[in-house]
K.L.:
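Handing you this structure, nothing more for now.
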Amino acid sequence: MEYKEILEEARKQTAPHCMACPVCNGKACGNNVPGPGSKAPGNAAARNYDKWQEIFVNMDTLCQSVPDPDVSFELFGHRFSAPIFVAPLGAVDMHYGPKYNDQSYNVDMMKGAIASGILAFTGDGVNAQIMKDAIADSAALGGLSIPTIKPWSREVVFEKLDDVIAHNIFAAAMDVDAAGLPFLQKQGGKAGSKTVAEMREIIEHAARPFIVKGIMTVAGAKKAVEAGAAGIVVSNHGGRVQGGVPSTAEVLGEIADAVRGQTVIFVDGGIRSGVDVFRALALGADAVLVGRPFATMLYGAGQEGVKVLADKLTGELKGTMKMCGASSLAEITREKIRF
Ligand SMILES: Cc1cc2nc3c(=O)[nH]c(=O)nc-3n(C[C@H](O)[C@H](O)[C@H](O)COP(=O)(O)O)c2cc1C
């Protein structure tokens with residue numbers, strides 16, 4: 001199926017929650033649609049998207065011709081087809097419609113990602129079974145996923161990590177920016193924000209590469225590195241957990257300047273094209289996560305939709321590299337963009 005056709009199919013499934021817009025830019029959902037939309041004042045997802053568009057790529061075709069630039073990306077000893085991964089999404093039936101529940105969504109998303117040579121992060125929820133299923137289903141597919149645990153109490157986090165370890169899953173993550181979500185607040189004092197010492201204990205317990213998702217400041221990035229994070233995701237959760245935040249494009253450069261080389265830097269939020277991926281890598285990210293557009297593709301065409309989007313983003317990234325004189329990911333440097 002063609003990309004546009006998939007969007008049309010998706011809209012039949014996801015409206016009126018998500019309108020599967022031609023460009024997923026946070027404008028139609030604003031703060032009108034809990035889930036895909038942003039928290040009040042409702043402009044953070046749109047700002048994420050808009051700020052990438054304010055970065056321009058510098059064309060330079062007076063260079064060695066490279067018909068097919070290598071965009072493969074090594075992460076924690078595994079080589080992926082591109083530095084593009086699927087962001088974790090939870091409570092999908094509530095936010096996108098009943099075609100999928102969290103389990104079937106995660107299974108099909110992981111399969112679609114693996115078939116595309118990439119991997120999917122999976123989300124967490126109030127129902128503990130969601131993560132249990134995601135871990136067991138991932139193990140059955142070879143363990144190539146990154147379960148993203150919410151900042152529950154130490155006891156609950158350790159229990160979930162023990163499951164990750166028992167099933168030999170590739171890596172684990174925590175969306176620390178979920179600390180303020182009402183269902184975590186309801187768990188009492190032990191769920192929520194983590195100190196560096198608490199985070200270090202969690203990361204040591206994981207005994208595998210651990211990614212801290214939800215970093216928006218240099219100070220936060222340094223604390224994650226101090227705690228031993230193998231990776232960070234520069235992310236504001238797509239504007240869903242706090243209003244009035246800057247876009248990820250606005251903070252990525254300074255964070256990369258502070259911690260590049262000490263941890264793998266991922267970024268997400270409004271990355272919608274291969275040109276956006278190029279912009280993110282030029283600002284200092286090692287790789288990107290894409291969330292809502294992969295959900296739309298899955299709702300529209302299942303695993304095939306995931307591959308259509310992964311291939312589209314990868315093709316656009318390669319096209320931009322060719323036009324900007326970058327024959328490898330390492331050559332996508334800050335001189336290749338302007339503001
Ligand atoms: C409906 C929905 C559910 C989400 N659930 C989770 C989650 O469980 N864990 C998490 O780390 N991030 C979650 N996110 C945030 C995404 O992983 C991602 O950070 C965000 O959507 C920004 O990327 P995007 O603009 O490409 O969608 C969710 C986002 C949406 C829209």
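All values below come from the heavy atoms of this structure, side chains included, with hydrogens, waters and symmetry mates left out. The first residue in the sequence is number 1, and the count goes up from there.
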K.L.:
State yes or no: are the ring centers of Tyr299 and Tyr100 separated by less than 6.0 Å?
P.N.:
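Yes: the rings meet the under 6.0 Å criterion.
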
K.L.:
Between the side chain of Ser116 and the main-chain N/O of Ile118, is any donor-acceptor distance below 3.5 Å?
P.N.:
no

K.L.:
Main chain of Arg240, side chain of Ser38: is a donor-acceptor contact present, judged purely on distance under 3.5 Å?
P.N.:
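Absent.
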
K.L.:
State whether a side-chain donor-acceptor pair under 3.5 Å links Asn236 with Asn48.
P.N.:
yes

K.L.:
Given 3.5 Å as the limit, does a donor-acceptor pair link the side chain of Asp102 with the main chain of Gly90, or not?
P.N.:
no

K.L.:
Report the relative orientation of the aromatic rings in Phe76 and Phe170; use parallel for angles under 30°, tilted for 30 to 60°, perpendicular for over 60°.
P.N.:
tilted

K.L.:
Quick one: do Lys213 and Asp177 make a salt bridge, cutoff under 4.0 Å?
P.N.:
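A salt bridge is absent here (no side-chain N lies under 4.0 Å from a carboxylate O).
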
K.L.:
Report yes or no: does Glu304 contribute a side-chain atom to a donor-acceptor pair with the main-chain N or O of Gly300 at less than 3.5 Å?
P.N.:
no

K.L.:
Kindly check if the number of other-residue, nucleotide or ligand heavy atoms within 6.0 Å of NZ (Lys132) is above 12?
P.N.:
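It does not: Lys132 NZ has 12 such atoms or fewer within range.
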
K.L.:
Going by atom types only, do Thr333 and Glu335 share a side-chain donor-acceptor pair under 3.5 Å?
P.N.:
yes

K.L.:
Answer yes if the side chains of His237 and Asp268 hold a donor-acceptor pair under 3.5 Å, and no otherwise.
P.N.:
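No, no side-chain donor-acceptor pair sits under 3.5 Å.
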
K.L.:
Does this structure show an ion pair linking Lys111 with Asp137, if we count only N-O contacts that are shorter than 4.0 Å?
P.N.:
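Salt bridge: no.
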
K.L.:
Can you label the angle between the Phe183 ring and the Trp152 ring as parallel, tilted or perpendicular, going by 30° and 60°?
P.N.:
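It falls in the tilted class, 30° to 60°.
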
K.L.:
Where the side chain of Asp60 meets the backbone of Cys324, is there a donor-acceptor pair that is under 3.5 Å apart?
P.N.:
no

K.L.:
Is the centre of the Phe80 ring less than 6.0 Å from the centre of the Phe85 ring?
P.N.:
yes

K.L.:
Would you find a donor on one side and an acceptor on the other, under 3.5 Å apart, between the side chain of Arg208 and the backbone of Ala171?
P.N.:
no

K.L.:
The test is side-chain contact (heavy atoms from CB on, under 4.5 Å); show your working for His17 and His95 and say whether it passes.
P.N.:
CA-CA 6 Å; His17 307 282; His95 297 316; 5.9 Å; no

K.L.:
Counting N and O atoms only, with roles assigned by atom type, does the side chain of Thr296 sit under 3.5 Å from a partner on the main chain of Arg292, one being a donor and the other an acceptor?
P.N.:
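Side chain of Thr296 to backbone of Arg292, a donor-acceptor pair under 3.5 Å: yes, one is there.
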
K.L.:
From Ile146 CD1 over to Thr122 OG1, what is the distance, rounded to the nearest 0.5 angstrom?
P.N.:
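Reported value, rounded in 0.5 Å steps: 9.0 Å.
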
K.L.:
Quick check with a 6.0 Å cut-off and a 45 degree axis cone: is Arg47 positioned over the face of Tyr49's six-membered ring?
P.N.:
no

K.L.:
Taking atom types as modelled, is there a side-chain donor on Asn101 or Ser104 under 3.5 Å from an acceptor on the other?
P.N.:
yes

K.L.:
Under 4.0 Å between a Lys/Arg side-chain N and an Asp/Glu carboxylate O for Asp163 and Lys160?
P.N.:
no

K.L.:
For Ala206 versus Leu161, what's the shortest heavy-atom pair and its separation?
P.N.:
CB-CD2, 3.9 Å

